[in-house]
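These notes are about the structure you will find just below.
Chain letters run A, B, ... following the sequence lines, proteins first and then strands; every chain starts at 1.
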Protein chains: 2
Amino acid sequence: MRWASIGGMARPPTSQSPKAQHPSTPGTGRIDKRAAILDAAFQVFARDGYANAAVDAIAAAAGVAKPTVYNHFTDKQTLFREALAADAERALGRNLAVVQRLSDGRGELRSRLEDLGARLIECYADDRSVAVRRLLCAEASTFPEIHSEIREQTGERVVAALADRFAHLVLDGTLRECDPAQAAEQFEALLAGPMEHRSRSGSRKVSAAARRAIAKAAADTFIRAYAR
Amino acid sequence: MRWASIGGMARPPTSQSPKAQHPSTPGTGRIDKRAAILDAAFQVFARDGYANAAVDAIAAAAGVAKPTVYNHFTDKQTLFREALAADAERALGRNLAVVQRLSDGRGELRSRLEDLGARLIECYADDRSVAVRRLLCAEASTFPEIHSEIREQTGERVVAALADRFAHLVLDGTLRECDPAQAAEQFEALLAGPMEHRSRSGSRKVSAAARRAIAKAAADTFIRAYAR
DNA sequence: GCTATCTTGAACTGATGAGTTCAATTCAAA
DNA sequence: TTTGAATTGAACTCATCAGTTCAAGATAGC
């Protein structure tokens, strides 16, 4: 019996309440396989691009037979969407956690901003994040929906969270009167822009020292422009 | 006789000193055809991506037979490289022209920067420029060389030209003592970052008013941070 | 054990597309 | 007008790859 091709993802009738199906040997069991496929798919897509990625290669990388892939995901498109969404979700989580830290800092504004910048840059420079952005950009015309979905739930929300923090800093008098959303957008630009430039759009590594320097420069310019 | 596949591009033995071969009816003649193919190739690549672009489609769009395409360009890769390079070259030219204008401005710093910013944003938002960046990013892993070649001769040189202008402004006391290269990098980031954000990586249009606002905000922040 | 579900390998189908071949034709130049 | 190079359309080769099929195992729950 085949029960794929319903709603883009297969649902095993038995796994309606699926605990760990194979707690002893990892890699066996439906869920482990599904995760392995998603992970392998992301890596292969990141390496080869959507069009060049062969489903056989993904199956091989996941240590799984090709029909198993199609048992979990209706087709290549669905697999691509879910793999990308999963990784984007992870990236978003890290970003938001970093921004959140800004709230409970008690130190001087400069050191807090430098720290925030450095951490955001770490997220930004992360290999998987770079791959997500590249794939998103590459397939923007082929998958318009995925682009809006993911991009709005990442870049968008990070800047929004940042704006929220900045709004508080305006209220407590640390920053001058200004539009927090614009300040957030610019702070992010001061980090991402030079990184983009120096990393040649992610195709080259940027040294830790250079990354730190970018964060310091961004914080400096931001403070000159926005501190009270 | 076939004389393609030598050095990536075909050279007609007869056209060693080729004037206009068909001045009356445009579209005929080797050079016109070559240009038409390059242009069509860029458009199809931009629309479909490298892998999805069919050479037949390019030939059709250029109003030319498929063997003619292969008569001018050894293979799809070469065609891609040359088409992209040609368009990147054009984009670079416009950018540099805009930056050059900054030197002969006599007005107030703010209005000069706002003007510069607005013009750079126009370049940045141009459809073909967006397409170049998208393709470059998309195929960065497939064509590492093209990426470094083009990117270094565009983003790189624009920022360098900008840095040169800023160095003069430091010397004549308009800007405070600072690293002009860093100032240039940040000014560009203050323009490109928000544009990237608002246009959702080029997938959505940004209104002229919004573009103007971004330029004003960038100039404002830059002046607060760098003006003497 | 028995049964239903899931996995597997391998082979297969059908589509797509790069690059070639060729005979017929157009065209510019001499 | 003649000549040689360039163009054209159409058909062809060959490779790749998405997605399927199937018969033969695993595997878990009962």
Please list every donor-acceptor pair under 3.5 Å in which a side-chain atom of residues 131-144 of chain A meets a protein atom from a residue at least two apart or in another chain.
residue	atom	partner	partner atom	Å
A:Arg133	NH1	A:Tyr124	O	3.4
A:Arg133	NH2	A:Tyr124	O	3.1
A:Glu139	OE1	A:Thr142	OG1	3.3

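Nearest heavy-atom pair, A:Ile214 versus A:Leu190, reported as atom, atom and distance to 0.1 Å: CG2-O, 4.1 Å.
Side chains of B:Phe73 and B:Phe80 form no contact here, defined as non-hydrogen atoms less than 4.5 Å apart.
Counting to the nearest Å, the P atom of C:dA18 and the CZ atom of B:Phe73 are 15 Å from each other. Atoms NZ (B:Lys33) and C1' (D:dA5) sit 14 Å apart, rounded to a whole Å.
Proximity of a side-chain donor or acceptor of A:Ser129 to a complementary backbone N or O of A:Ala125 within less than 3.5 Å is not detected.
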Identify all pairs in which a protein N or O lies below 3.5 Å from an N or O of nucleotides 10-19 of chain D, and state each distance.
residue	atom	partner	partner atom	Å
D:dA18	OP1	A:Ala53	O	2.9
D:dA18	OP1	A:Lys76	NZ	2.9
D:dA18	OP2	A:Val55	N	3.0
D:dG19	OP2	A:Tyr70	OH	3.2
D:dG19	OP2	A:Lys76	N	2.9
D:dG19	N7	A:Lys66	NZ	2.8
D:dG19	O6	A:Lys66	NZ	2.7

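Side-chain nitrogen and oxygen atoms of A:His72 include none within less than 4.0 Å of the OP1 or OP2 phosphate oxygen of C:dC6.
Checking D:dA6, D:dG9, C:dT8 against every side-chain atom of B:Asn71, the shortest atom distance belongs to D:dA6.
For the salt bridge (Lys or Arg N to Asp or Glu O under 4.0 Å) condition, the pairs that include at least one residue of residues 35-52 of chain A, sequence neighbours left out, are A:Asp39-A:Arg128.
No salt bridge links A:Arg90 with A:Asp126; every basic N to acidic carboxylate O contact stays at or beyond 4.0 Å.
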